[in-house]
Amino acid sequence: MEVFSNIVEQQTLRKVNLDTLKIIRDAVATSFGPYGSSSQIKIGDDTLPKFTKDGYTILMNLKFNGIIETSLKEVMEDLTRHVVKEVGDGTTSATLLSYAIFKRFVTMEEPNNPEVNYEIFKSMPPVEIEKSFKKVVKRLNEIITQHKRTIENAKDIKKIAMVSTNSDEELSQIIADIYKENGNEVYIDVKRSNIDEDYTKTYDGMTLNTGYGDKAYINDKELGAANINNPHIYFFEDPIDTPEMVGFLQKITWNNILEPLQNKKEFIPTVIVCPKISSDVNTILDNIQKLIFQYRGAGINIPFLMISNVHQKGIFMDIARLCNAKTIKKYIDFNNQKRDQENGDAPTMDTVHEFYGTADAVVSDYDKTKFINPQGLYKPGTLDFSDEYLQMVDYLKTEVESAKRDGQSLNTIGDLKRRYNALKANMVDLFIGGATPEERDNRFDAAEDAVLNCRSAAENGYGYGANVEGFSAVSILRESSNFANDKLVMAILDVLYNSYLDIMAMLYGSAENLYLDSYKDYEEAGSKAVDYVNKVIKNWVPVDVVTKRMSYDIISSIDSDTSILEIIAKLMTILINCKQFVCPLPTVSYKQSVELDNGVKAILE
């Protein structure tokens, strides 16, 4: 009798996980280092193939037919997502190291150091291995962080960009120039260009990622933008889709635009900002747009602009506050609305036109709107920032740091960073071109990595690239007396050291188009990669894969190495501690024979 179960036990589980890690490693290793090659990825039937050297993109697009393999791939994707979004680099190195480390845990391969016995992993409870691994990684990251240096100038930025872009001189110089012109706190958004050339677009005002609602509002043909000077700015906190909200809009447009037009008075420049509008509002706006076209032909400019589809609630509220505007919102409780109206905090039909803020100008193009010098930005009569503005900036900076420390989601951290940089009025769009789709895709991925790496280095410092800081820290801790009497820790450090040897050999072996499993394999093959790895160990300075010389210019965010080790610690915790895998249903994919209590041989699947 055969009994089928959905349980896969540890021995089979570890073998499947190791085989899966090797497949993932081999897939991303093709992109490793300057001599790495592109992967062509077909995402959908109706899309063109994507060409990339980005390890994370390759990982995301791998597919497996087994539930265990798919689960491990999803875990890897989740663990590396954070470092990719924060630092731009790390997926490939983290994957290669993870495979090398887990292979040693599973196979108990003999170490180079005869005084260290990997058999300790068999006798030690997994929870103790996990604790020691975390302890080692924590200490390693402390050592790495002690070696960090501060970005001094745009030359440092260019060096980091050169590493991330595989020595794209032109693109690296553009990124360095952005930092030179805007300072280390600049926020760069990378986008695809619809032309061959790269170009930048600088926003020198507080910015919303939403542009004009219709081309009718464009009054600056040279810039292709709507430019409203000294406007009254009305911030609708909720969609304009109820009779009352539509009535408020009608009252504002009548008071500021239509009544002056009818009575030949001076217009009140007007900007409306809101999350969403209804079809009734579209009818109102259509009429205003027709008037704008009609009078523009007669040489009369109607200063009106509608900004809708605003989804950045935090930035929206920050800008409204700095413009000294009271927002216009919906009320569910009419008693609260009446109270606020009496206190002047909510509008009536008679007062809604007074619920505006001001700025020197509002400039809007097809995808961005910037607010130049909101009224509350400076102290009255000076160019000194107001206390309120400084408090808002400090608050958001603290919130970003707290969100990182508390491990909040990447979306939350990203939103806070955008709010912070929008207030700092320090944002640049970098558009990436290319002669072919392959070139554009590769350069876009490289530019994203470079921008994130430079941003992280500007915030947190930098160190040597090419995994040198992590490797060096392992060597320092391994040779110190800190854990000399702790056999488990020494075994873990030996595993890490030999795993770093493996991936360093693979990096330098790529120059010979040689992709082997381990440092020992490269030694046996007589590869020159071994000489270059030994040169790194002697000086703890990277060797340029192309020139084969030591290079002090190969630098990267210090967070690259610490994040890679944190990923590995989390993954090893999962892989080493896990005793079994419970599939959704019984399956014949993972066969293992066991003896049941009643003496029946069973196949556990």
Side-chain angles (χ1 to χ4, degrees), residues 205-208 210-220 223 225-241 244-278 280-296 298-310 316-317 319-329 346-365 368-376:
M206 294 171 187
T207 308
L208 285 174
T210 305
Y212 49 66
D214 194 277
K215 290 183 178 179
Y217 302 126
I218 296 175
N219 56 14
D220 188 329
L223 293 177
N227 191 339
I228 310 294
N229 292 318
N230 301 309
H232 288 193
I233 310 169
Y234 298 86
F235 293 87
F236 282 76
E237 191 172 334
D238 297 306
I240 307 177
D241 58 2
E244 183 177 53
M245 297 291 269
V246 172
F248 285 154
L249 176 64
Q250 287 176 315
K251 179 67 176 179
I252 293 167
T253 55
W254 169 256
N255 186 82
N256 294 4
I257 303 297
L258 301 178
E259 194 272 335
L261 184 64
Q262 180 175 306
N263 296 311
K264 298 182 179 179
K265 296 180 180 178
E266 187 175 346
F267 296 115
I268 299 175
T270 301
V271 175
I272 308 291
V273 188
C274 68
K276 193 177 178 182
I277 57 176
S278 67
D280 291 338
V281 174
N282 278 323
T283 302
I284 296 170
L285 296 177
D286 285 344
N287 291 331
I288 293 177
Q289 289 159 14
K290 288 176 184 177
L291 288 172
I292 289 173
F293 275 127
Q294 177 185 339
Y295 280 87
R296 186 176 293 153
I300 299 173
N301 179 46
I302 296 179
F304 180 83
L305 174 61
M306 166 64 79
I307 308 297
S308 58
N309 295 319
V310 176
F316 170 94
M317 296 300 291
I319 295 174
R321 181 177 167 187
L322 278 178
C323 288
N324 291 341
K326 295 179 181 178
T327 59
I328 303 167
K329 61 184 179 181
T348 65
M349 286 298 171
D350 292 331
T351 63
V352 68
H353 65 281
E354 299 171 358
F355 273 62
Y356 64 86
T358 59
D360 286 355
V362 174
V363 181
S364 182
D365 64 15
K368 288 274 197 307
T369 300
K370 57 183 178 182
F371 297 76
I372 309 298
N373 296 339
Q375 182 182 355

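Contacts of Tyr356 classified as side chain to side chain contact (heavy atoms under 4.5 Å, CB included), with partners at least two apart in sequence or in another chain: His232, Tyr234, Thr358. Every side chain to side chain contact (heavy atoms under 4.5 Å, CB included) that Pro260 has, sequence neighbours left out, goes to Lys265, Phe267. For Pro269, the side chain to side chain contact (heavy atoms under 4.5 Å, CB included) partners are Ile228, Pro231, Pro303, not counting sequence neighbours. Among residues two or more places apart in sequence or in another chain, the side chain to side chain donor-acceptor pair (under 3.5 Å) test is passed with Glu244 by Gln337. Asp360 meets the side chain to side chain donor-acceptor pair (under 3.5 Å) test with Asn373; sequence neighbours excluded. Take Asp350 and apply the side chain to side chain donor-acceptor pair (under 3.5 Å) test, not counting sequence neighbours, and it matches no residue. Taking Thr327 as the reference, Glu237 meet the side chain to side chain donor-acceptor pair (under 3.5 Å) condition, with sequence neighbours excluded. Residues meeting the side chain to side chain contact (heavy atoms under 4.5 Å, CB included) test with Lys215, sequence neighbours left out: Tyr212, Ile218. Checked against ring pair (Phe, Tyr, Trp, His ring centres under 6.0 Å), Phe236 has no partners two or more places apart in sequence or in another chain.
Judged purely by atom type and a 3.5 angstrom limit, Asp220 has no side-chain atom pairing as donor or acceptor with the backbone of Ala225.
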Anything under 3.5 Å between a donor and an acceptor, one on a side chain of residues 248-255, the other on a protein residue two or more places apart or in another chain? List them.
| residue | atom | partner | partner atom | Å |
| --- | --- | --- | --- | --- |
| Thr253 | OG1 | Leu249 | O | 3.1 |
| Thr253 | OG1 | Gln250 | O | 3.0 |

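The nearest pair of heavy atoms linking Gln375 to Cys323 is OE1-O, 3.8 Å. Closest approach of Gly211 and Ile307 over heavy atoms only: O-CD1, 3.8 Å. Taking all atoms of both residues into account, the shortest heavy-atom contact from Thr210 to Thr369 is O-OG1, 2.5 Å. Of all non-hydrogen atoms in Leu305 and Ser364, the two that sit nearest each other are CD2-CB, 3.9 Å.
Evaluation of the side chain to side chain donor-acceptor pair (under 3.5 Å) test over residues 282-291, restricted to residues two or more places apart or in two chains, returns Tyr217-Gln289.
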